[in-house]
2 protein chains.
Amino acid sequence: MSEQPTLKSVAAAAGVSTAAVSYAFNRPDRLSTRVREHILAVARELGYPGPDAAARSLRTRRAGAIGVIFTVGLSYAFSDPYVLAMLSGLTEVTERTRTGLVLIPFDLTTTGLGEDEVRHSLDAVHRAVIDGAVADGLPDDHPAVLALAARKIPLVRSSETASGRCVVIDDREAGREIGRHLAALGHRDVAMVVAYPEPPGVAVPVVDEAALYPYSRLRLAGVREGLGPHARVRVVSAGRNAQESGRVAAASALGGPDVPSAVAADSDVLAAGVLDAVRLRGLEPGRDVSVTGFDDVPAAEPAGLTTIRQPIRDRGRLMGRMLLDPGFTARRVVLPAELVVRSSTGPAPR
Amino acid sequence: MSEQPTLKSVAAAAGVSTAAVSYAFNRPDRLSTRVREHILAVARELGYPGPDAAARSLRTRRAGAIGVIFTVGLSYAFSDPYVLAMLSGLTEVTERTRTGLVLIPFDLTTTGLGEDEVRHSLDAVHRAVIDGAVADGLPDDHPAVLALAARKIPLVRSSETASGRCVVIDDREAGREIGRHLAALGHRDVAMVVAYPEPPGVAVPVVDEAALYPYSRLRLAGVREGLGPHARVRVVSAGRNAQESGRVAAASALGGPDVPSAVAADSDVLAAGVLDAVRLRGLEPGRDVSVTGFDDVPAAEPAGLTTIRQPIRDRGRLMGRMLLDPGFTARRVVLPAELVVRSSTGPAPR
DNA sequence: ACACTCGTGTTAATCGATTAACACGAGGGA
DNA sequence: TCCCTCGTGTTAATCGATTAACACGAGTGT
């Protein structure tokens with residue numbers, strides 16, 4: 001009753017070799033039913049819960065779990081509808097294969113740190129016992145991505161990568177669609193609200209575009225191209241991908257001397273904040289100021305938000321299959337994305 | 001460049017013992033800076049990503065991760081606002097301690113199976129490399145709970161347990177409050193809509209109450225007590241905790257010969273469906289039929305739902321601290337819950 | 001000069017399993 | 001009878017680390 005029983009102690013108690021006990025649990029057909037059942041009976045009697053998870057992972061080099069890692073803090077992630085849809089798709093396939101899903105936290109601010117500090121802040125990335133990982137939104141050179149790569153852990157990403165596998169949409173073309181849509185409505189002065197990794201703060205800077213998320217850069221570039229060379233595009237951000245950031249960023253853009261006629265947000269979550277800001281100034285979205293989003297999360301439709309629809313759940317599902325389904329060998333899947341026009345966009349005023 | 005480097009190969013390449021390499025990564029102060037840096041340099045050169053996670057977990061008997069297990073399928077869980085709030089609180093503390101969070105899937109239907117089938121369907125529970133686990137809503141005798149207990153994994157539950165730790169609310173007293181509130185409004189015929197583990201279906205049975213979730217039983221008992229001995233209470237369910245189930249169950253209750261004057265739901269999610277059903281019949285909640293929920297999720301307020309408020313995030317936080325914070329030794333924490341009256345309840349008609 | 005601590009590195013046991021290779025007896029075909 | 005196959009169980013190497021105990025040389029106080 002003292003120590004936790006092990007394979008060895010069960011073997012001893014049952015009068016067989018450890019191999020036999022192992023087979024009893026993992027390869028029923030290798031043993032005669034008589035012996036096998038005797039072993040299981042003894043195991044049950046001793047309260048042996050089956051082979052130890054860590055030991056098994058070490059020996060077989062398989063964990064039965066995959067990791068997930070986001071650009072946002074975990075405690076925030078659960079309020080991001082994009083993340084939720086993605087996770088829901090992903091868990092559909094992990095559930096089917098009885099695979100665990102390890103949510104890996106890491107310090108979001110791992111720039112300008114020494115080797116030790118980075119190691120430390122990536123603790124969970126190093127300790128995660130996983131067979132593969134899904135990294136959504138992380139840039140190629142993100143410490144967590146590098147760490148997983150060093151561990152030779154199969155990685156599926158959500159943005160184009162040189163090597164490695166990914167499930168993407170054509171963010172740039174989607175951006176172009178937004179741009180063309182706005183241009184066709186006569187908008188020549190557009191503010192683009194983007195999420196920014198570093199300061200989850202309140203300030204509203206114009207942005208160092210190299211530091212943006214990969215998808216942001218592409219969408220931004222696309223919007224510019226779609227609007228054409230004669231439009232003015234300013235880029236603002238108030239931190240992470242949250243409604244509040246969208247509100248703050250848009251409030252600043254709309255509060256300046258010459259207000260843009262349209263605000264294009266990097267995501268629907270940001271766009272929701274933009275809509276708030278527009279209304280707070282007594283303006284009406286789609287008439288006084290046009291607003292666009294990205295993703296088409298569930299809340300977009302009731303909000304009347306013009307946006308880019310992408311199949312988020314499918315993305316999750318596919319990322320999961322890439323890791324878990326051996327028959328699924330594609331290195332790169334491109335998902336369709338389409339413009340959905342609603343009431344938040346309209347002809348430019350004047 | 002062929003094989004993944006190990007502690008051993010790094011030691012060999014650096015001309016030191018494996019112990020030294022281990023210390024270099026785990027106990028910097030055990031080594032002189034010279035040697036340590038030499039080791040790290042060699043490690044980097046070989047592309048050694050640091051000590052292997054599985055091996056380390058085996059040797060140290062610590063995983064740096066905790067598990068979570070729900071009464072609902074994972075892919076559904078991400079649309080349940082209660083679950084999201086709980087997870088958000090939980091991840092607040094796991095993030096702070098750089099602890100991974102393992103979402104453990106399991107077959108929801110593990111009744112009436114042989115030892116082998118149960119083992120198989122609990123695969124992920126057995127394979128999870130974790131130091132502790134949070135089980136929200138699961139009954140004492142749930143196979144997953146038993147499996148975790150057999151593994152001697154510290155468990156924190158959300159319902160009262162004989163032994164073991166838990167973070168609870170007084171579900172029964174909360175139920176009483178609902179009952180008293182309805183009784184005071186003159187309601188003597190109440191339908192209680194509850195979530196039911198087994199059939200995630202469309203049928204609307206009267207229920208075998210022993211099979212209900214522990215919290216459902218308590219809430220139900222409380223409602224009965226609060227209503228007093230002269231009220232009629234019927235119990236209906238249409239499967240899992242989802243808006244759709246609430247709608248179906250309520251539609252059936254309201255479609256019968258003598259309709260109840262109030263419908264008390266087991267959760268706000270169900271209550272949302274009840275509200276749908278009420279409106280679908282052309283009735284007005286709070287006037288024609290009173291409706292109550294449980295939990296006070298974010299959507300409850302805009303819906304005008306009378307409900308029991310409980311601090312869900314706090315629950316997540318506390319469950320996390322129970323597992324992760326050594327200074328937190330309480331075996332049992334009771335969280336406050338209070339009735340929040342909104343427009344969905346009113347005097348009984350006639 | 002002696003006995004000490006202290007800092008630094010090594011030796012070697014150990015965590016709990018998996019599985020290739022082998023051994024051995026029974027049955028089967030020629 | 002001999003040889004082979006097949007089914008069933010065992011032997012023993014291995015997965016990749018951690019850490020208590022020890023060894024050794026350099027300071028240090030008296």
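Every chain is numbered from 1 and lettered A, B, ... according to where its sequence line falls, protein lines coming before strand lines. These values consider heavy atoms only, across backbone and side chains, with no hydrogens, waters or symmetry-generated copies.
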(message) Whether A:Arg157 and A:Asp140 form a salt bridge (side-chain N of Lys/Arg under 4.0 Å from carboxylate O of Asp/Glu) is what I want to check.
(response)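 Salt bridge present between A:Asp140 and A:Arg157.
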
(request) Looking at every strand, decide which applies to B:Leu31 at a 4.0 Å heavy-atom threshold: base, sugar-phosphate, or nothing. (result)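 If one applies the 4.0 Å heavy-atom cut-off, B:Leu31 turns out to touch the sugar-phosphate alone, with no base involved.
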
(message) Looking only at side-chain N and O atoms, does A:Tyr48 offer a donor or acceptor that is under 3.5 Å from a partner on B:Arg151?
(response)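 Checked: B:Arg151/A:Tyr48 side chains show no N/O donor-acceptor pair below 3.5 Å.
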
(request) Decide whether A:Asp136 and A:Tyr82 meet the rule of one side-chain donor and one side-chain acceptor closer than 3.5 Å. (result)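 A pair is found: one side chain offers a donor N or O, the other an acceptor, under 3.5 Å apart.
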
Would you mind writing out the side-chain donor-acceptor pairs for residues 326-334 of chain A within the sub-3.5 Å range, not counting sequence neighbours?
{"residue": "A:Arg332", "atom": "NE", "partner": "A:Glu160", "partner atom": "OE2", "Å": "2.3"}
{"residue": "A:Arg332", "atom": "NH2", "partner": "A:Glu160", "partner atom": "OE2", "Å": "3.4"}

(request) For DNA chain C, find the residues of residues 20-27 of chain A with a heavy-atom distance under 4.0 Å and give them by number; none if there aren't any. (result)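 Listed by number, they are A:Ser22, A:Tyr23, A:Asn26, A:Arg27.
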
(message) I want to confirm an ordering. Mapping B:Ala53 and A:Arg30 to their closest nucleotides on DNA chain D, which one lands closer to the 5' end?
(response)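 With B:Ala53 and A:Arg30 compared, the 5'-side residue is A:Arg30.
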
(request) Name the closest nucleotide to the A:Leu58 side chain, picking from C:dT11, D:dA17, D:dC15. (result)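 Shortest atom-to-atom distance from the side chain points to D:dC15.
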
(message) I need the residues from residues 8-17 of chain A with at least one non-hydrogen atom less than 4.0 Å from DNA chain D; give them sorted by number, or say none.
(response)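 Output list: A:Val16, A:Ser17.
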
(message) If you assign B:Thr60 and B:Thr33 each to the DNA chain C nucleotide with the nearest heavy atom, which residue ends up on the more 5' nucleotide?
(response)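 Of the two residues, B:Thr33 wins.
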
(request) Check whether NZ of the Lys or CZ of the Arg B:Arg36 lies under 6.0 Å from the centre of the six-membered ring of B:Tyr23 and within 45 degrees of that ring's axis. (result)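 Geometry flag: not set, cation outside 6.0 Å or 45°.
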
(request) Please tell me if the side chains of A:Ile39 and A:Leu31 come closer than 4.5 Å, counting only heavy atoms from C-beta onward. (result)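 In short, these two side chains touch, coming nearer than 4.5 Å.
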
